[in-house]
Amino acid sequence: VKLASYGIAVTTESSKNLVSYLADVENLNEIPVSKSTSKFGWQDDDFIPFDEAIKFDDESRFKELADSIKMAGSLEMWLELVKKYRANKEHCEPQVYMSASFASVLVSKLNVLPFIVNLWGFTGRGKTVALKMAASIWADPGDGKYITDSYATQNAFEARLDVLNHLPLCLDDMSKVRDKMGGDFTDLVYLLCSGKGKDRSNIDLGINKAKTWSNTILSNMERPLATETMKGGAINRIIDFEMAPGYIFPDGEGNKVVEILNENYGFAGYAFIDIVKKVGIPEIIKLRKGFEQQIKEEAKRQESEKEEKQIIPLSLILTADKLATDYIFRDGIYLDISLMVKNLKDVNEVSEGQRAYDAIFD
């Protein structure tokens, strides 16, 4: 009877006859077998939805999201726009976001845990437009399309993360749920970065298949996501990146950027997947380990000790940035390792005991 929603004249009276007819058609014809999946991202060496060998079969439940992940407009126009803001050395925030967005598809391949990149600073400085730029790598960044609102239930987050799988989750304005969570995002951070939803029983008292994902989460708000009272494990999973003073998109440029992004998107993600396949995971692993060593050396120069769980996500972001810069943008503009390392948490900032001790003295 559900077929009636698609324009097929079927009712409760005729549905039995239709089922019988379809069964006869299936038995009389050799219908080819097709592989399908309800998740985007890697399936062995194929990437859904870019590789057509495996079909995405859950459009009905996630229609707006599924329809948004496509290519539209012009790659050249998108590149021209993005390169303009990559060249702005005073504001590397869009490049940080885009590198984290590219890095999402490397998380599972390089066995890295999901993590959050949170851009924070005064309102109205361009955080949302920068997020749209990062989302446009893969999909339509228009309102109500790929980017989701942070004011969602846990079940909604799990369902969305499960279908995105290896594609980044883009959350706009985490401040909306600050009061709802009492200003402490610990539980939400653990949910987003756990890579697995809650186990739930079914009517047969068995366990339903758990929802899983392995990606990056991009968020923004007016202050750091990590708080003084947050558990150390949650803080470790967040890279809070503070905005530089001023506006990323001055003099009304933000509206023009959004207009161009809404019409040109999806090409860079397709190209990046092709790059990952050509370069090969073993080579990318070597690249990431090299950046990990560089981060540790830079931390020593800055006379600070960084958490290992902060170093590894940053090394993945820098790896994705190098691949995108070398093969897509070809402009030689890389993220500043020194600046990125400064935004990582020190060991003392993560330690609950040390933070409690400092708070008492304070």
Side-chain angles (χ1 to χ4, degrees), residues 41-42 45 47 50 79 82-83 86 92-119 130 133-135 137-138 164-170 193 195 213-218 236-241 267-302 306-345:
W42 296 105
D45 293 328
F47 193 91
F50 302 141
L79 280 173
V82 172
K83 282 183 176 182
R86 280 171 58 88
C92 64
E93 294 89 353
Q95 189 173 352
V96 172
Y97 254 163
M98 286 191 290
S99 298
S101 183
F102 281 124
S104 187
V105 297
L106 300 176
V107 170
S108 64
K109 290 289 187 181
L110 274 63
N111 296 316
V112 176
L113 292 171
F115 59 92
I116 299 172
V117 175
N118 180 62
L119 183 62
M133 193 174 282
I137 290 169
W138 307 102
L164 284 172
N165 194 22
H166 299 142
L167 291 174
L169 173 68
C170 297
C193 299
W213 56 89
S214 186
N215 62 351
T216 60
I217 298 95
L218 312 184
N236 256 334
R237 290 165 169 79
I238 303 166
I239 295 180
D240 274 317
F241 193 88
F267 295 98
Y270 186 92
F272 191 75
I273 294 301
D274 198 38
I275 291 162
V276 171
K277 291 178 180 179
K278 287 180 179 177
V279 174
I281 296 303
E283 194 61 36
I284 295 174
I285 289 173
K286 288 180 187 176
L287 194 61
R288 189 204 68 76
K289 287 182 177 178
F291 277 118
E292 183 179 343
Q293 188 59 38
Q294 288 183 50
I295 293 168
K296 290 177 179 177
E297 290 170 0
E298 179 59 35
K300 282 183 181 179
R301 280 193 289 271
Q302 295 180 11
K306 303 299 182 181
E307 276 282 351
E308 190 76 15
K309 288 182 179 179
Q310 290 264 294
I311 292 172
I312 292 174
L314 179 55
S315 68
L316 193 67
I317 291 172
L318 294 172
T319 300
D321 177 63
K322 179 169 175 57
L323 291 172
T325 300
D326 288 349
Y327 294 95
I328 296 176
F329 302 111
R330 301 175 188 273
D331 55 9
I333 300 172
Y334 301 98
L335 285 173
D336 184 345
I337 293 181
S338 176
L339 177 62
M340 297 300 293
V341 170
K342 286 178 182 177
N343 282 275
L344 294 185
K345 305 288 189 303

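Values below: all heavy atoms of this structure, side chains included; hydrogens, waters and symmetry mates excluded. Numbers for residues simply follow the sequence, beginning at 1. None of these values were measured; they are calculated from a predicted model.
Salt-bridge annotation for Asp326 and Arg330: absent, with no side-chain N of the basic residue lying under 4.0 Å from a carboxylate O of the acidic one. Remark: Glu298 does not engage Lys342 in a salt bridge, criterion side-chain N to carboxylate O under 4.0 Å. The existence of a salt bridge linking Lys277 and Asp45 is excluded, since no basic side-chain nitrogen approaches an acidic carboxylate oxygen closer than 4.0 Å.
In this structure, CD1 in Ile337 is found 8.0 Å from CG in Leu314, a value given to the nearest 0.5 Å. Here the straight-line distance linking atom CG of Leu164 with atom OG of Ser214 works out to 12.5 Å at 0.5 Å rounding. Here the straight-line distance linking atom CD1 of Ile311 with atom NZ of Lys345 works out to 13.0 Å at 0.5 Å rounding. The line from CZ of Arg237 to CG of Leu113 is 6.5 Å long, rounded to the nearest 0.5 Å. Considering CG of Leu344 and CZ of Phe241, their distance stands at 10.5 Å, rounded to 0.5 Å. Rounding to the nearest 0.5 angstrom, the gap separating the CD1 atom in Ile116 from the CG atom in Leu218 is 10.0 Å.
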For Ser108 and Trp42: C-alpha separation, side-chain torsions, deciding distance, then whether side-chain hydrogen bond (donor to acceptor under 3.5 Å, both in side chains) applies. CA-CA 9 Å; Ser108 64; Trp42 296 105; 4.6 Å; no
Worked check of side chain to side chain contact (heavy atoms under 4.5 Å, CB included) between Phe291 and Ile312: CA-CA 9 Å; Phe291 277 118; Ile312 292 174; over 6 Å; no
Given Lys322 and Tyr334, is the side chain to side chain contact (heavy atoms under 4.5 Å, CB included) satisfied, shown in steps? CA-CA 7 Å; Lys322 179 169 175 57; Tyr334 301 98; 4.0 Å; yes
Side chain to side chain contact (heavy atoms under 4.5 Å, CB included) evaluation trace for Lys296 with Lys306: CA-CA 8 Å; Lys296 290 177 179 177; Lys306 303 299 182 181; over 6 Å; no
Just do the side chain to side chain contact (heavy atoms under 4.5 Å, CB included) check on Phe47 and Val105 with the steps written out, would you? CA-CA 9 Å; Phe47 193 91; Val105 297; 3.6 Å; yes
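Counting heavy atoms of neighbouring residues, nucleotides and ligands inside a 6.0 Å radius, atom CZ of Phe50 exceeds 12 of them. Other residues, nucleotides and ligands contribute only 12 or fewer heavy atoms inside 6.0 Å of the NZ atom of Lys286.
Residues meeting the side-chain contact (heavy atoms from CB on, under 4.5 Å) test with Ser99, sequence neighbours left out: Gln95, Ile317, Asp321, Leu335.
Contact annotation: the side chain of Arg86 approaches that of Asp331 to within less than 4.5 Å [non-hydrogen atoms, C-beta and beyond]. Looking only at side-chain heavy atoms (C-beta outward), Ile284 and Leu323 come within less than 4.5 Å of each other. Annotation: side chain of Ile328 is in contact with side chain of Phe272 (closest heavy-atom distance under 4.5 Å). Two residues are said to be in side-chain contact when any heavy atoms from C-beta on lie closer than 4.5 Å; Ile137 and Phe102 meet this criterion.
At least one donor-acceptor pair under 3.5 Å links the side chain of Thr216 to the backbone N or O of Ala100. Under the 3.5 Å distance criterion, the side-chain polar atoms of Gln310 are matched with a main-chain donor or acceptor of Asn236. Looking only at distances, a side-chain donor or acceptor of Lys83 sits under 3.5 Å from a matching main-chain atom of Phe329. Between the side chain of Asn215 and the main chain of Leu167, a donor-acceptor pair closer than 3.5 Å is present.
Checked by atom type, the side-chain pair Ser338/Arg301 shows no donor-acceptor distance below 3.5 Å. Side-chain contact annotation: Arg288 with Ser315, donor-acceptor N/O pair under 3.5 Å present.
Closest of all the heavy-atom pairs between Gly41 and Asn165 is CA-ND2, 4.5 Å. Residues Cys193 and Pro114 share a closest heavy-atom pair of CB-O, 3.6 Å.
Note: Phe267 and Tyr270 fail the aromatic proximity criterion, with ring centroids not under 6.0 Å apart.
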